[in-house]
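Atoms considered below: every heavy atom in the structure, side chains included; atoms not considered: hydrogens, waters and symmetry mates. Residue numbers start from 1 in every chain, and the chains themselves are labelled A, B, ... in the order their sequence lines are given, proteins ahead of strands.
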Amino acid sequence: MIAMVDCNSFYASCEQVFRPDLWGKPVVVLSNNDGCIIAANKEAKQLTHIPMFEAVFKIKHILIENKVTFFSSNYTLYGEMSQRVMHILETFSPSVEVYSIDEAFLDVHGFTYVDLRAYGTDIKERIYRYTGLPVGVGIAPTKVLAKLANRMSKKLPEYNHVCVLDTDAKRLAALEWADIGDIWGIGSKHRKRLQAIGVFKAIDFVKLPLAWVRKEMTIVGERIWKELQGTPCIEFMEIPNPKKAIGTAKSFGQKLPDLGRIEEACAYYITEVAEVLRAQKSCATYIHVALYTNYHSTIDKQYSNRTTITLPIPTHDTFTLITHARKALHQIYKSGYRYKKVAVNLTGLIPQSHVQGNLFEKPTKTTDTKLMQTLDVLNRKFGKTTVSSAMIGTRVKEWELVKKERSPRYTTQWRELLAIGVMG
DNA sequence: TCTGGGGTCCTAGGACCC
DNA sequence: TCTGGGGTCCTAGGACCC
């Protein structure tokens, strides 16, 4: 059996933990640049005219009319709250797969003498008591079914956020209940195609011939089909695989026509991704750089382009990566446009211990990590970009993200700790 | 004026190898 | 008339996840 634990409206809940005055009131969290809504709590979701991912400027009046509190995203806070939840989960099972910032699978096979419903309730209550975050728990024989159980735990009040599918009768009842689009791995495209042939419920889906599913939905669909029947096909991954690509593609806070400014942003993004690359002890073989104008705009001229550079020797050296990224940027930049986004991506990631040199250069030259190690230590201790390449510039970062309504980083900054007022 | 970001996996097709 | 067979690697595009 597998348990699936998922935090309710995670980002919004994190904000509410530190704001008791907002308990029971509608709260939403905005994307980078405060562009659209990416999370909403139960109360905000009940206001049906707040669609997810809608542009904020279009519905700001609705938010204000309904007294919805909105926050810029505060990933420092959410990341740290997530770690607290994951640490608690590790006390419940020797084997935990952290699936995303707010979800984890727990391996509970062999828990023969454990009452799984009581176990799930214990998880839910302990997390709430220790962190203030509400979660749902679904327990079932496969991951896809555990995901479904988790959904039922939240949607059907009688479960009270803990649902166990431990018999075939319960499994079939769950398949009768679930809409096809509710199934993990079936997105909007497949949902529409399935509905077109009369498949509306999960139970209809498992009645389809496997050959059809395989042909129309590839092996991905086949796995979902089998998992819904109770046959595990999706591996439990306690130790995450190393990343195959590390990239960043953030929109600028404002549109930038000037190559110099874009170079600074590009160097900054490379600095960020190179740090992640080194943390994983990998080196990159390829750098992809892409440049975009604002495709939503009807008044700006549109242009976008991308290019890939193959490094002579794979590296994780920030300075080498910046040099090549800059070359790539120069290849695709055209003047006369107002740019909105630059994207950098590192791929062809290999372990740093496996870097091959070429005829003219030894690999040690590009993976001599002492300088980079020192840089990482300093920046970790004294703050991001305490020491960095001059390419990121010293001017005001015009490209920086807009975050007008960010809450304090309550759990990671001494100066932003929650202050409790004393009456009288 | 203003519209997110970071990933994964799978398949088909092209280029190439022997 | 009629043109092999077995394989790898890479990329683009599609679909999905949170």
Side-chain angles (χ1 to χ4, degrees), chain A residues 4-11 28-39 51-61 63 70 72-75 78-79 82 97-105 143-144 147 150-151 180-194 213-224 233-235 237 240-255 269 272-273 276-277 280 285-286 288 290 292-300 306-308 310 338 340-349 401-405:
Chain A
M4 195 316 122
V5 182
D6 178 318
C7 302
N8 306 347
S9 320
F10 181 58
Y11 294 173
V28 298
V29 177
L30 311 182
S31 68
N32 278 338
N33 284 322
D34 297 343
C36 62
I37 294 175
I38 57 169
M52 219 51 128
F53 298 102
E54 181 62 278
V56 171
F57 75 92
K58 285 188 187 165
I59 55 159
K60 199 150 194 175
H61 62 283
L63 298 179
F70 48 95
S72 303
S73 35
N74 184 348
Y75 291 105
Y78 311 149
S82 169
E97 173 186 339
V98 178
Y99 178 69
S100 76
I101 193 162
D102 73 328
E103 286 172 62
F105 291 102
K143 281 185 165 181
V144 174
K147 268 283 212 183
N150 184 287
R151 186 179 182 83
I180 186 63
D182 292 343
I183 301 302
W184 186 44
I186 297 189
S188 65
K189 293 279 160 65
H190 284 318
R191 174 175 51 85
K192 280 180 195 139
R193 288 179 59 203
L194 288 164
V213 174
R214 170 76 210 220
K215 184 160 172 285
E216 299 296 323
M217 298 173 67
T218 77
I219 194 160
V220 181
E222 179 172 341
R223 286 190 194 127
I224 296 168
C233 300
I234 302 173
E235 217 185 323
M237 286 211 296
N241 290 333
K243 286 192 173 70
K244 295 175 176 175
I246 299 172
T248 188
K250 290 188 271 272
S251 300
F252 306 135
Q254 52 185 293
K255 292 177 194 161
Y269 295 164
E272 283 186 332
V273 292
V276 179
L277 185 67
Q280 165 175 312
T285 314
Y286 310 103
H288 310 267
Y292 307 88
T293 50
N294 182 1
Y295 60 91
H296 291 290
S297 172
T298 48
I299 50 169
D300 283 313
R306 65 190 65 213
T307 190
T308 300
T310 307
R338 304 204 303 153
K340 184 62 181 170
K341 189 196 280 192
V342 67
V344 300
N345 230 307
L346 304 178
T347 63
L349 308 188
L401 303 170
V402 176
K403 280 181 188 278
K404 287 202 183 120
E405 306 290 341

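Looking at which nucleotide of DNA chain B each of A/M237 and A/N294 is closest to, the 5′-most match is held by A/N294.
When all heavy atoms of A/F70 and A/E405 are compared, the pair lying nearest together is O-CB, 3.7 Å. Listed here is the closest heavy atom pair of A/K143 and A/M237: NZ-N, 4.3 Å. Closest approach of A/K403 and A/N32 over heavy atoms only: NZ-OD1, 3.4 Å. Scanning all heavy atoms of the two residues, the minimum distance from A/A245 to A/N345 falls at CB-OD1, 4.0 Å.
For A/K58, the side chain to side chain contact (heavy atoms under 4.5 Å, CB included) partners are A/E54, A/A55, not counting sequence neighbours. Evaluation of the side chain to side chain contact (heavy atoms under 4.5 Å, CB included) rule for A/F53 yields A/C36, A/I38 as partners, not counting sequence neighbours. Residues that satisfy the side chain to side chain donor-acceptor pair (under 3.5 Å) test with A/K341, not counting sequence neighbours, are absent from this structure.
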Report all interatomic pairs (protein N or O, nucleotide N or O of nucleotides 4-8 of chain B) with separations under 3.5 Å.
unit_1, atom_1, unit_2, atom_2, d
B/dG4, O4', A/S31, OG, 3.1
B/dG5, OP1, A/S251, N, 2.4
B/dG5, OP2, A/S251, OG, 3.1
B/dG6, OP1, A/T248, OG1, 2.4
B/dG6, OP2, A/A249, N, 2.4
B/dG7, OP2, A/G247, N, 2.9
B/dG7, OP2, A/G247, O, 3.2
B/dT8, OP1, A/K244, N, 3.2

Identify the pairs formed between an N or O of the protein and an N or O of nucleotides 10-15 of chain C at a distance under 3.5 Å, and give each distance.
unit_1, atom_1, unit_2, atom_2, d
C/dA15, OP2, A/K189, NZ, 3.4

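Atom CD1 in A/I234 sits roughly 11 Å away from atom P in C/dC17 (whole-Å rounding). If you take CG of A/D182 and P of C/dC17, they are 11 Å apart, rounded to a whole angstrom. The interatomic distance linking A/I101 (CD1) with C/dC18 (P) rounds to 14 Å, in whole Å. Summarising the geometry, the separation between CD1 on A/I183 and P on C/dC16 is reported as 13 Å, rounded to the nearest angstrom. C/dC17 atom P lies 14 Å from atom NZ of A/K143, rounded to whole Å. In this entry the distance linking NZ of A/K58 with P of B/dT3 reads 11 Å, nearest Å. Residue A/I37 contributes atom CD1, which lies 12 Å from atom C1' of B/dT3 at whole-angstrom precision.
In DNA chain B, runs of at least 3 consecutive Watson-Crick or G-U pairs, each pair with both distances below 3.5 Å, span B:5-18 with C:5-18.
No contact: A/R338 has no heavy atom under 4.0 Å from any strand. Counting any heavy atom pair closer than 4.0 Å across all strands shown, A/D34 reaches no nucleic acid atom. Contact annotation for A/I186: backbone-only contact, meaning every heavy-atom pair under 4.0 Å involves sugar-phosphate atoms and none involves a base. Within the nucleic acid shown, A/E103 comes within 4.0 Å of sugar-phosphate atoms alone, with no base atom in reach, counting heavy atoms only.
Remark: A/K243 NZ is loosely packed, at most 12 non-hydrogen atoms of other residues, nucleotides or ligands lying under 6.0 Å away.
An OP1 or OP2 oxygen of B/dC2 is reached within less than 4.0 angstrom by no side-chain nitrogen or oxygen of A/K340. Taking only side-chain nitrogens and oxygens, A/K147 comes nearer than 4.0 Å to OP1 or OP2 of C/dC18. Listed pair A/K255 / B/dC2 meets the phosphate criterion, a side-chain N or O lying under 4.0 Å from OP1 or OP2.
A donor and an acceptor atom, one from each side chain of A/S72 and A/N74, are nowhere located under 3.5 Å apart.
Between A/H288 and A/Y286, the two ring planes are tilted [angle within 30° to 60°]. Aromatic ring pairs are classed by plane angle as parallel below 30°, tilted from 30° to 60° and perpendicular above 60°; the pair A/W184 and A/F105 is tilted.
One finds no salt bridge joining A/D34 and A/K404 here, because no Lys/Arg side-chain nitrogen approaches an Asp/Glu carboxylate oxygen to under 4.0 Å.
Taking the P atoms as reference points, C/dC18 lies 26 Å from B/dT3, given to the whole Å.
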